[in-house]
Amino acid sequence: MHKSFLIALGLILALAFERAQPVLALEGQIRLEETELVLRLEDGRVLRRDGLIGLKLILGNGQQDVEVRIDGFEEDRTILRAPMPLYRLSVRQADGSVGDLCHPDPSGRHAAFAFPDGKGGFNLTCTSGAEGKCVLFGYRPWETREGVPMRDLLQACIHLLRADYGGDDRPSTRNGTLINLYDRFGIQDPGAAAGMEFEAAWGPEGAVCVAHPRIPDAITLEQLAERYPRLEGHLGPEACSEDAMRANSHALIFNQSAVVAPLRK
């Protein structure tokens with residue numbers, strides 16, 4: 001699940017903590033410092049990490065306000081060069097019930113994290129969604145690598161995970177499908193992927209070329225050519241190879257997947 005909420009830095013919020021003691025009405029500023037949420041209260045206190053547990057925020061997602069509560073804190077130390085602060089969040093539904101904001105990720109965590117949106121605010125995104133997974137892979141959109149904005153690699157990664165070949169939000173993968181993901185900068189290495197072959201090269205607009213579709217019953221090479229004229233001449237294993245794409249600066253991320261025969265009808 002991808003949940004994205006925006007907050008401008010310095011926004012004055014109505015805040016409440018759910019603790020054993022009576023609820024306190026406070027005012028403060030919620031900020032993102034590096035990748036950590038920090039609450040600076042008007043009385044001079046600064047709260048972060050476990051100190052934010054119980055905090056309720058009214059967040060905007062561009063369409064409606066959502067009441068979110070911070071229920072827990074932990075760190076992800078698996079891939080990134082520096083630990084990523086993770087927050088377990090619950091949300092109040094329209095019927096008044098309260099549930100986890102995020103679906104469980106492959107590690108079973110119902111977690112979200114914050115990162116700069118490039119506009120003076122920040123996003124909250126779930127670790128279970130494509131965006132969250134790609135940031136945790138190391139594609140941190142607030143950085144650059146060899147002059148290339150990492151935001152471009154993040155977009156390429158999102159399209160890759162969703163098999164969104166045209167970059168038009170039309171995914172063609174299935175949950176549980178295994179892939180091997182890597183990039184030209186060595187942020188993710190190819191490693192060994194027995195039984196997999198080169199599938200596609202990816203840029204911020206979607207696939208740069210496609211050797212074979214990940215799920216041929218979802219979309220075929222012929223359908224890709226018809227749907228996305230820009231891919232014509234860049235489809236099939238002869239037109240799309242990793243060696244050729246390594247020489248194409250538009251190809252930022254690559255992947256392998258198993259070649260699956262379409263089901264007979």
Side-chain angles (χ1 to χ4, degrees), residues 1-2 4 118 125 129-141 144-265:
M1 176 184 286
H2 169 195
S4 184
T125 193
E131 180 180 63
K133 291 175 182 176
C134 289
V135 175
L136 292 178
F137 286 162
Y139 305 124
R140 303 164 62 126
T144 60
R145 180 63 63 94
E146 298 179 18
V148 177
M150 293 292 286
R151 186 170 296 277
D152 289 350
L153 276 84
L154 174 64
Q155 290 302 313
C157 177
I158 292 171
H159 295 317
L160 186 161
L161 290 187
R162 303 176 75 233
D164 180 15
Y165 297 104
D168 57 351
D169 198 27
R170 299 174 73 175
S172 58
T173 191
R174 292 176 184 153
N175 288 338
T177 303
L178 297 178
I179 61 171
N180 184 30
L181 176 154
Y182 47 103
D183 58 81
R184 65 167 57 252
F185 302 102
I187 299 168
Q188 287 289 317
D189 294 322
M196 293 189 182
E197 297 182 12
F198 183 70
E199 176 190 323
W202 303 82
E205 305 302 322
V208 179
C209 77
V210 182
H212 70 90
R214 191 174 310 168
I215 310 293
D217 290 318
I219 194 165
T220 65
L221 290 177
E222 291 75 16
Q223 289 170 330
L224 282 172
E226 181 179 354
R227 184 180 295 177
Y228 307 114
R230 70 175 179 80
L231 288 176
E232 190 171 357
H234 303 284
L235 299 171
E238 294 184 357
C240 181
S241 69
E242 182 176 340
D243 288 342
M245 288 297 101
R246 288 281 184 180
N248 186 332
S249 61
H250 297 289
L252 302 177
I253 302 181
F254 316 100
N255 83 287
Q256 299 172 338
S257 61
V259 177
V260 180
L263 294 175
R264 295 181 179 274
K265 303 230 177 168

Do you know the tightest heavy-atom contact between [X] and [Y]?
X	Y	value
Ala200	Cys240	CA-SG, 4.5 Å
Pro149	Thr144	CA-CG2, 4.1 Å
Arg230	Glu205	NH2-O, 3.3 Å
His159	Gly203	CD2-O, 3.9 Å
Ser257	Leu178	CB-O, 4.2 Å
Ala163	Ser172	O-OG, 2.8 Å

Would you compute the distance between atom [atom1] of [X] and atom [atom2] of [Y] and round it to the nearest 0.5 angstrom?
X	Y	atom1	atom2	value
Leu231	Tyr165	CG	OH	10.5 Å
Leu160	Ile253	CG	CD1	6.5 Å
Glu131	Leu136	CD	CG	10.5 Å
Leu153	Leu252	CG	CG	4.5 Å
His250	Cys209	NE2	SG	12.5 Å
Glu222	Leu235	CD	CG	9.0 Å

Practice item. Compare all side-chain heavy atoms of Glu242 with those of Arg246 and state whether any distance is below 4.5 angstrom. Key: yes
Practice item. Would you check if Arg184 and Phe254 make a side-chain contact, meaning some heavy-atom pair closer than 4.5 Å? Key: yes
Review point. Knowing that exactly one of Leu161, Ile158, Thr125 qualifies, which makes a side-chain contact (heavy atoms from CB on, under 4.5 Å) with Lys133?
Key: Leu161
**Study point:** Residue list, side-chain contact (heavy atoms from CB on, under 4.5 Å) with Thr177, at least two apart or on another chain
**Key:** Thr173, Arg174, Arg214, Ile215
Revision key, fill the gap. Applying side-chain contact (heavy atoms from CB on, under 4.5 Å) to Asn180 and not counting sequence neighbours gives Tyr182, Pro190, Ala193, Met196, Gln256
Practice item. Might you confirm whether atom CD of Gln223 has over 12 heavy atoms from other residues, nucleotides or ligands at distances under 6.0 Å? Key: yes
Point to revise | Side-chain (Asp164) to main-chain (Asp168) donor-acceptor, under 3.5 angstrom | key: yes
Point to revise | Short side-chain donor-acceptor distance under 3.5 Å, Asp183 and Gln188 | key: no
Exercise for review: Please step through side chain to side chain contact (heavy atoms under 4.5 Å, CB included) for the pair Arg170 and Arg227, ending with a clear verdict.
Suggested key: CA-CA 11 Å; Arg170 299 174 73 175; Arg227 184 180 295 177; 3.3 Å; yes
